[in-house]
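What follows is a set of notes on a single structure, which appears directly below.
For the numbers below, each heavy atom of this structure counts, side chains included, while hydrogens, waters and symmetry mates do not.
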Amino acid sequence: MKIGYLGPKGTFTHAAVEAVFPHMESIPYHTIPQCMDAVRDGDVPFAVVPLENALEGSVNLTIDYLIHECNLPIVGEIIAPIEQHLLVHPSHLDDWKHIKCIYSHSHAIAQCHKFLHRHLKHATYEYVTSTSAAAKYVSEHPKENIAAIGNRLAAKQYGLAIAKENIHDYDYNHTRFIVLHRERCTLPVGEKEDGFKTTLMVMLPKDQAGALHQVLSAFAWRKLNLTKIESRPAKTGLGNYFFIIDIDQKMDDVLIPGAIAELEALGCTVQVLGSYPYYMVKKTSLV
């Protein structure tokens, strides 16, 4: 069975896939839309794309493409730790303090600001499309005294040495990845899930005072715990937004359907994006 992911090989998405779906053949795609389109078109049955990072916030492209372009159900979620390491060609391992240039994604470089300022203040930065693309570049230029910031899988994938481990500024940095499928289904995962979520898209009625308060009340009096609520432009005009709401439980027969019915009675448009298990990846499970 195949599973697509946001590539190239060695990305954090790839590492999350390897941790939860080691028995599947993983297929990299260049962009998030390409990854989703591959599931919609039947090229792969599943795909994994990033949804939210603890430091950088939501991945808006994932949310917008899911809502506006490629309506696929969410069938699972992977929550994985993000650990950044300084990667160099093995021939430069003993000379890493004299690195002239550091390659990585802009977010990865920003997440390692304290280490870079303290130990590599003289180095310049080159921003590339992903941490794994940076690792690939460093591996292809062994004569240059350069480095990449990336994960262990990227180091293994491109034959690099880890000069310094865990150079990120904050220890608690995690990314949420969603698993998509053409239909609602049970994930082929052997390990036990860590919990369940239900995600809704809610469009408020226009020009109605207190509409958001009424929406939240529908969940509050039913004691449904919301783990996230976020607004995104509906792309239909200024001031028009929809809300993504995460509920901390599996779809049931009474409470969540009752809340949806109440919202629709208020004039809201409601779409269930998925009710799915989530999996917490431990640091020891990553390559």
Side-chain angles (χ1 to χ4, degrees), residues 3-22 26 28-36 46-66 72 74-85 87 104-113 127-135 148-157 165-180 187 189 191 193-197 199 227-228 230 232 244 246 248 273-274 276-287:
I3 184 167
Y5 67 91
L6 178 61
K9 293 181 178 179
T11 60
F12 284 100
T13 314
H14 187 198
V17 168
E18 291 291 309
V20 178
F21 303 102
S26 54
Y29 289 89
H30 292 297
T31 66
I32 289 172
Q34 287 179 3
C35 206
M36 293 187 183
F46 298 95
V48 177
V49 292
L51 180 67
E52 180 187 9
N53 177 261
L55 301 184
E56 306 297 336
S58 295
V59 181
N60 292 331
L61 177 58
T62 298
I63 297 173
D64 290 347
Y65 203 76
L66 189 65
L72 297 168
I74 303 172
V75 297
E77 178 180 280
I78 305 169
I79 303 172
I82 302 299
E83 294 181 308
Q84 305 285 11
H85 310 302
L87 313 180
S104 198
H105 190 278
S106 58
H107 287 179
I109 291 176
Q111 291 166 10
C112 303
H113 170 74
Y127 300 124
V128 294
T129 55
S130 68
T131 54
S132 56
I149 294 175
N151 58 36
R152 291 183 183 278
L153 181 59
K156 179 180 178 181
Q157 187 74 44
E165 294 183 336
N166 300 321
I167 65 171
H168 42 269
D169 295 343
Y170 302 99
D171 290 333
Y172 191 84
N173 184 15
H174 286 67
T175 293
R176 296 172 61 201
F177 304 90
I178 51 173
V179 186
L180 303 172
L187 282 178
V189 178
E191 60 185 280
E193 65 277 349
D194 292 286
F196 279 86
K197 291 181 182 177
T199 299
T227 57
K228 183 180 181 183
E230 178 179 5
R232 288 293 301 152
I244 300 294
D246 287 344
D248 191 23
L273 299 183
Y276 48 90
Y278 62 84
Y279 305 87
M280 299 285 296
V281 177
K282 298 179 180 179
K283 293 182 179 181
T284 54
S285 301
L286 295 174
V287 175

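Using a 4.5 Å heavy-atom cutoff, the side chains of T175 and E52 are not in contact. Within the 4.5 Å cutoff, no side-chain heavy atoms of S104 are placed close to those of Y127. In this structure the side chain of L180 reaches within 4.5 angstrom of the side chain of L66, judged on heavy atoms. Q111 places none of its side-chain heavy atoms less than 4.5 Å from the side chain of I149. Side chains of I178 and V49 form a contact here, defined as non-hydrogen atoms less than 4.5 Å apart. Taking 4.5 Å as the limit, every side-chain heavy atom of T11 sits out of range of all side-chain heavy atoms of L6. For the pair K228 and S58, the minimum side-chain heavy-atom distance is below 4.5 Å.
Atom CG of L55 and atom NE2 of H174 lie 10.5 Å apart (nearest 0.5 Å). Remark: I32 CD1 to L51 CG distance equals 9.5 Å, nearest 0.5 Å. Going from atom CG of L153 over to atom OG of S132 covers 8.5 Å, rounded to the nearest 0.5 Å. For the atom pair NE2 of H30 and OG of S130, the computed distance is 10.5 Å after rounding to the nearest 0.5 Å. We find the CZ-OG1 distance between F177 and T13 to be 4.5 Å, quoted to the nearest 0.5 Å. The CG atom of L72 lies 9.5 Å from the OH atom of Y65; values are rounded to the nearest 0.5 Å.
A pairwise comparison of heavy atoms in S26 and V17 identifies CB-CG1, 4.1 Å as the closest pair. For the pair P81 and K282, the tightest heavy-atom approach, listed with the atom from each and the gap, is CG-C, 4.4 Å. Scanning both residues, F196 and Y278, for their nearest heavy atoms gives N-CE2, 3.4 Å. Shown here for D194 and M280, the closest heavy-atom pair between the two residues is OD2-N, 2.7 Å. What you find for A133 and T129 is that their closest heavy atoms are CB-OG1, 3.7 Å. Of all non-hydrogen atoms in Y5 and H14, the two that sit nearest each other are CE1-CB, 3.4 Å.
Using a cutoff of 4.0 Å between basic side-chain nitrogens and carboxylate oxygens, E230 and R232 are not scored as salt-bridged.
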### Message
Between I74 and K197, does the side chain to side chain contact (heavy atoms under 4.5 Å, CB included) criterion hold? Intermediate values first, please.
### Response
CA-CA 10 Å; I74 303 172; K197 291 181 182 177; over 6 Å; no
### Task
Evaluate side chain to side chain contact (heavy atoms under 4.5 Å, CB included) for I244 paired with L273, printing each intermediate quantity in order.
CA-CA 9 Å; I244 300 294; L273 299 183; 3.8 Å; yes
### Task
I would like to know whether Y276 and T199 meet side chain to side chain contact (heavy atoms under 4.5 Å, CB included); could you show each step before the answer?
CA-CA 9 Å; Y276 48 90; T199 299; 2.6 Å; yes
### Task
May I have the step-by-step check of side chain to side chain contact (heavy atoms under 4.5 Å, CB included) for N53 and H107, ending in yes or no?
CA-CA 10 Å; N53 177 261; H107 287 179; over 6 Å; no
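Outside the 6.0 Å centre-distance limit, the rings of H168 and Y170 are not counted as a close aromatic pair.
Checked by atom type and distance alone, the side chain of H85 pairs as donor or acceptor with a backbone atom of N166 at under 3.5 Å. A distance-only check finds no donor-acceptor pair linking the side chain of N151 to the backbone of E83 [under 3.5 Å]. The backbone N or O of H113 sits less than 3.5 Å from a side-chain atom of D169, completing a donor-acceptor pair.
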